[in-house]
Amino acid sequence: MLGLKRNTVKLVPYDPEWEKYANESISELSSILGSAAVEIRLVGGAAVPGIRSKPILDIMVGVRQFKDIAPFFPDLESKGYIRKMENDSDSKLFVYANLPMGGDNSDPERRTHYVHIVIHGQTVWNSYTAFCDCLKKDPDLSKKYEQLKESLAARFPEDRRSYTMGKSEFVRRVLRTRCDIKERSCGAVVWRKRGGRRHYLIIQNRSGHSGFPKGHMEYGETEEQTAIREIFEETSLRVRLDTSFRAEYRYLVDGYIHKSALYFLASYTDGVFRPQAGEVFGIWLLPFEDALERLDYEQDRRVLRLAEKRLASDEQKAQ
Ligand code: ATP
């Protein structure tokens with residue numbers, strides 16, 4: 001059986017029926033959402049056989065972009081999946097349900113499903129699925145998680161938020177030490193000639209650092225498609241990509257995401273650049289030395305030096 005009063009915390013023994021309910025729900029969601037859902041998965045405690053859990057299914061729906069899902073909210077609602085907009089965030093749309101699932105759903109406060117709609121292959125999707133996979137693979141680890149949950153449930157039976165916050169350190173430690181989460185972004189060193197000199201486009205992104213336009217690969221995209229789309233979204237520029245230049249480096253985000261960034265070269269001759277609202281907070285077209293100074297990370301400076309060297313040599317060859 002599934003179902004628990006909202007905002008309460010009560011752990012019950014794992015019920016093998018949960019898997020059946022989850023598969024039914026995943027099929028239903030998949031037939032409503034069609035190709036807008038790239039992948040749908042059960043995550044959270046109820047996905048880990050053998051450990052006590054809240055009797056609620058956490059289902060992740062991975063989409064390419066949030067706008068893909070907008071037309072389906074009325075259909076979801078007609079099947080009992082209600083969007084709770086107050087619980088949405090930049091990285092997640094939130095839907096809950098109170099479906100029978102072996103129980104009585106007459107109490108409107110009861111919850112059987114939390115459906116998290118997230119961008120497939122990005123950090124929220126990667127973290128939830130990786131954490132769940134780690135627990136499933138390692139019974140000792142999942143037992144430790146169960147013990148922590150039990151002590152938190154005893155402390156916070158009426159306070160789901162504190163219960164969830166109490167688990168976060170454990171989750172972070174597992175993500176850092178046991179999961180190998182990889183993410184990849186593609187972009188380009190965008191340049192143009194101005195007054196006879198090469199100028200480079202530098203942007204300041206949401207996290208505050210100055211670098212080149214780039215972004216996460218969407219499901220099914222090639223590296224080149226990602227670079228062109230991201231440059232357009234972040235700067236409004238349509239560029240010509242030179243894929244014979246490839247500069248790549250790796251860095252660690254939040255202590256557990258192994259991220260790689262790949263840059264091509266891209267040129268443009270006309271068009272006005274404009275920063276993407278809410279994502280890009282500064283945008284500059286600068287000569288090489290000034291661009292070098294504007295960049296925050298040594299890895300980006302290395303990429304810019306390589307780009308400048310390559311373009312200077314191309315120019316020499318052409319003369
Ligand atoms: P994307 O543009 O790929 O969608 P994002 O905007 O989510 O990515 P990143 O640019 O990857 O974010 O930045 C995430 C974190 O990593 C930030 O704290 C940023 O300062 C840091 N970071 C970015 N580039 C580097 C780098 N070359 N070396 C070290 N840390 C970096």
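In listed order, ligands and their atoms are each counted from 1. Scope of the values below: all heavy atoms of this structure, side chains included, with no hydrogens, waters or symmetry mates. Fair warning: this is a prediction, and the values are worked out from it, not measured in the lab.
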- Side chain, backbone, both or neither: Lys214 near ligand 1, heavy atoms under 4.0 Å: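 The answer is both.
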Please identify which atoms of ligand 1 are closer than 4.0 Å to at least one heavy atom of [X].
| X | answer |
| --- | --- |
| Ser207 | 13 (O), 17 (C), 19 (C) |
| Gly215 | 1 (P), 2 (O), 3 (O), 4 (O) |
| Lys259 | 1 (P), 3 (O), 5 (P), 8 (O), 9 (P), 11 (O), 12 (O) |

Can you check whether [X] and [Y] have ring centres sitting under 6.0 Å from each other?
| X | Y | value |
| --- | --- | --- |
| Tyr263 | Phe212 | yes |
| Tyr297 | His209 | yes |
| Phe232 | Phe273 | no |

- Task: Measure the distances from the heavy atoms of Arg206 to every atom of ligand 1 and state whether one is below 4.0 angstrom.
- Result: no
- Query: So does Lys167 have more than 12 non-hydrogen atoms from other groups sitting under 6.0 Å from NZ?
  - Reply: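 Yes, NZ of Lys167 has more than 12 neighbouring heavy atoms, counting only those of other groups under 6.0 Å.
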Looking only at protein heavy atoms, identify the closest one to [atom] and say how far it is in Å.
| atom | value |
| --- | --- |
| atom 15 (C) of ligand 1 | Val253 CG1, 4.0 Å |
| atom 28 (N) of ligand 1 | Gln299 OE1, 3.1 Å |
| atom 4 (O) of ligand 1 | His216 ND1, 3.1 Å |
| atom 6 (O) of ligand 1 | Asn205 ND2, 3.7 Å |
| atom 3 (O) of ligand 1 | Ser185 OG, 2.4 Å |

- Message: On a heavy-atom basis, I'd like to know which of Phe212, Tyr297, Tyr249 is closest to atom 21 (C) of ligand 1.
- Response: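 Selected option, by shortest heavy-atom distance: Tyr297.
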- Item | Arg64 to Tyr219, cation-pi by 6.0 Å centre distance and 45° axis angle |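 No, a cation-pi geometry is absent between Arg64 and Tyr219.
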- Query: Is Glu234 close to ligand 1, meaning an N/O of one under 3.5 Å from an N/O of the other?
  - Reply: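 No: no nitrogen or oxygen of Glu234 is under 3.5 Å from one in ligand 1.
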- Any N or O of Tyr251 closer than 3.5 Å to N or O of ligand 1: yes
Any side-chain to backbone donor/acceptor pair from [X] onto [Y]? Under 3.5 Å, distance only.
| X | Y | result |
| --- | --- | --- |
| Asp254 | Tyr256 | no |
| Arg184 | His216 | no |
| Thr112 | Ala97 | yes |

- Classify the ring geometry between Phe131 and Tyr145 as parallel (under 30°), tilted (30 to 60°) or perpendicular (over 60°).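 Phe131 vs Tyr145 ring planes: perpendicular.
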